[in-house]
Amino acid sequence: MRNTFKSTFWLLVLAATFSSCEKKDVAQDVNTLGIGSYVTLVSNGNLNVDATNLAGKVSITVKEYGSKQDKIIMYVTLGNTSLDRSTWKKLKEVPVGADGTYLLETSGQEIATALGRTPAPGDQYTIYNQCITKDGRIFDVVNTFADFAGLPAYNMALTWKATCVCPFVPAAAAGNYRITADPWDGATGEICAVTATANSATLTYAFPYAAPPGLNPLVLTVTPTTGSVTVARQTYGSYGAGFENFRAEGSGFFFSCTGQITLTLTHSLPNGSGYGTYPLRMTKL
């Protein structure tokens, strides 16, 4: 297993060397090839940007692997990983620690400044760790290839994710909401009343076109610090003979600071028949 890992790493080195867009990284013969370099994940810190406190930081700890490094240049984009470096916005440069480790951290305000927009709950950011070696070579997710970067055996941390959230405030969460997306029940435009406690919210009724038997409110379990939601399996209503006591379960977010509920719910019957997974979104009036 160890020899297999070493062989694959040298393939990674060759791929990274020949795919680099800079002339100085292109080898003319095998004798000029060097050892590649990347960082491995040591631990995750906080990965949530608080929309109500942009001074708060997100972070990970990583360690150099391969050729000795001089620094990491951190970049960010809004959304999923991009292999187009021209879309990356620079955050900062972080020198390598004496033991080869880095604490990579950035604040919500630094992300806002780099992207030129205020973070909004629900935004997801990709942060890129571009490794600069002592001899000036560059290694990142572009010239190391996403296929290698995604292999668990390498534990690479060339990219990582941060999500913008806001704390759940029951007083702000309670009220009437308009359903803005409901491809399952077809109730877009209908009004749903919401009540809330410190770590839960009750939607009466999440699916207005459902009927007895089994007609119940939908209860959400909410993480107070982030607004993330878990929906335990529960019965919410029926749709006629043979379709009694439909159940829903899933997850999502309740952002009380903006009055947005975004859920992804899987529907099924008590006999185990599944009817698919659908979004449910609501906006406070």
Side-chain angles (χ1 to χ4, degrees), residues 43-61 74-81 89 91-92 103-128 159-182 188 190-204 206 217-232 248-265 277-285:
S43 63
N44 286 315
N46 172 50
L47 298 178
N48 292 316
V49 175
D50 186 345
T52 65
N53 177 26
L54 296 185
K57 295 181 178 181
V58 293
S59 68
I60 64 172
T61 300
M74 296 173 61
Y75 297 88
V76 65
T77 61
L78 176 64
N80 293 326
T81 306
K89 304 301 180 183
L91 286 168
K92 62 176 66 175
L103 172 61
L104 301 177
E105 59 181 8
T106 187
S107 69
Q109 185 55 61
E110 288 171 333
I111 292 174
T113 300
L115 295 177
R117 71 189 298 273
T118 301
D123 285 352
Q124 186 172 70
Y125 308 103
T126 300
I127 300 173
Y128 305 82
T159 65
W160 48 295
K161 305 285 188 181
T163 303
C164 185
V165 299
C166 65
F168 181 70
V169 179
N176 290 325
Y177 286 70
R178 187 181 306 279
I179 299 173
T180 57
D182 179 14
T188 300
E190 297 289 356
I191 306 302
C192 176
V194 176
T195 59
T197 66
N199 57 7
S200 71
T202 301
L203 313 183
T204 312
L218 193 71
V219 179
L220 319 180
T221 300
V222 187
T223 302
T225 55
T226 66
S228 63
V229 167
T230 299
V231 182
E249 59 188 307
S251 60
F253 286 95
F254 194 147
F255 295 130
S256 60
C257 61
T258 58
Q260 301 292 323
I261 302 172
T262 302
L263 305 175
T264 300
L265 299 172
T277 301
Y278 299 86
L280 176 64
R281 300 188 181 95
M282 302 183 184
T283 299
K284 191 175 184 181
L285 297 176

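Side chains included, hydrogens not; waters and symmetry mates left out as well; all remaining heavy atoms used. Computed from a predicted structure; not experimentally measured.
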Mind listing the closest non-hydrogen atom pair of V194 and A201 along with its distance? CG1-CB, 4.4 Å
Would you check if the side chain of T262 reaches a backbone N or O of G252 as a donor-acceptor pair within less than 3.5 Å? no
How far does CG of N199 sit from OG1 of T223, to the nearest 0.5 angstrom? 8.5 Å
Is the shortest side-chain heavy-atom distance between Y128 and T77 below 4.5 Å? yes
N176 CG to C192 SG distance, which is reported to the nearest 0.5 Å: 8.5 Å
Report yes if some heavy atom in the side chain of F255 is under 4.5 Å from a heavy atom in the side chain of V165; otherwise report no. yes
Determine whether a donor-acceptor pair (N or O, by modelled atom type, separation under 3.5 Å) exists between the side chain of S107 and the backbone of A55. no
Side chain of S256, backbone of V169: donor and acceptor closer than 3.5 Å? yes
Check: K284 side chain, A174 main-chain N or O, donor-acceptor pair, under 3.5 Å: yes
For V231 against A248, the heavy-atom pair lying closest together: CG1-O, 4.3 Å
How long is the straight-line distance from OH of Y177 back to CG of L285, given to the nearest 0.5 Å? 9.5 Å
Smallest separation among heavy atoms of S59 and L47, with atom names: O-CD2, 3.7 Å
Over 12 foreign heavy atoms within 6.0 Å of NZ, K57: no
Measuring only between side-chain heavy atoms, which start at C-beta, is L91 closer than 4.5 Å to I111? yes
Can E190 and D182 be said to form a side-chain contact (heavy atoms from CB on, under 4.5 Å), step by step? CA-CA 10 Å; E190 297 289 356; D182 179 14; over 6 Å; no
Quick one, P167 and T52 - any side-chain contact, counting heavy atoms below 4.5 Å? yes
When rounded to the nearest 0.5 angstrom, what is the spacing between CZ in R117 and NZ in K89? 13.0 Å
CA sep, side-chain torsions, deciding dist, call: L115, D123, side-chain contact (heavy atoms from CB on, under 4.5 Å): CA-CA 12 Å; L115 295 177; D123 285 352; over 6 Å; no
Rounded to the nearest 0.5 Å, the CG atom of L104 sits from the CD1 atom of I127 at a distance of 9.0 Å
Is it true that a side-chain atom of K92 and a backbone atom of E105 form a donor plus acceptor pair closer than 3.5 Å? yes
Of all heavy-atom pairs linking I179 and A206, the shortest is CD1-O, 3.9 Å
Specify the closest pair of heavy atoms between P170 and F168, including all atoms of both residues, with the distance to one decimal. CD-O, 3.7 Å
One should read off an interatomic distance between M282 CE and T180 OG1, to the nearest 0.5 angstrom, of 8.5 Å
Is there a side-chain contact between L263 and L220 in this structure, where contact means two heavy atoms from C-beta onward sitting under 4.5 Å apart? yes
Is there a side-chain contact (heavy atoms from CB on, under 4.5 Å) between N80 and K161 once you walk through the steps? CA-CA 9 Å; N80 293 326; K161 305 285 188 181; 4.1 Å; yes
Within the structure provided, determine whether T195 and T204 are in side-chain contact (heavy-atom separation under 4.5 Å). no
How close do L78 and Y125 get, heavy atom to heavy atom, and via which atoms? CD1-CE2, 3.7 Å
Side-chain heavy-atom pair I261, L203 within 4.5 angstrom cut-off: yes
Pairing donors with acceptors under 3.5 angstrom, does anything connect the side chains of T126 and T159? no
Kindly determine whether T283 and Q260 satisfy side-chain contact (heavy atoms from CB on, under 4.5 Å), including the steps that lead there. CA-CA 5 Å; T283 299; Q260 301 292 323; 3.2 Å; yes
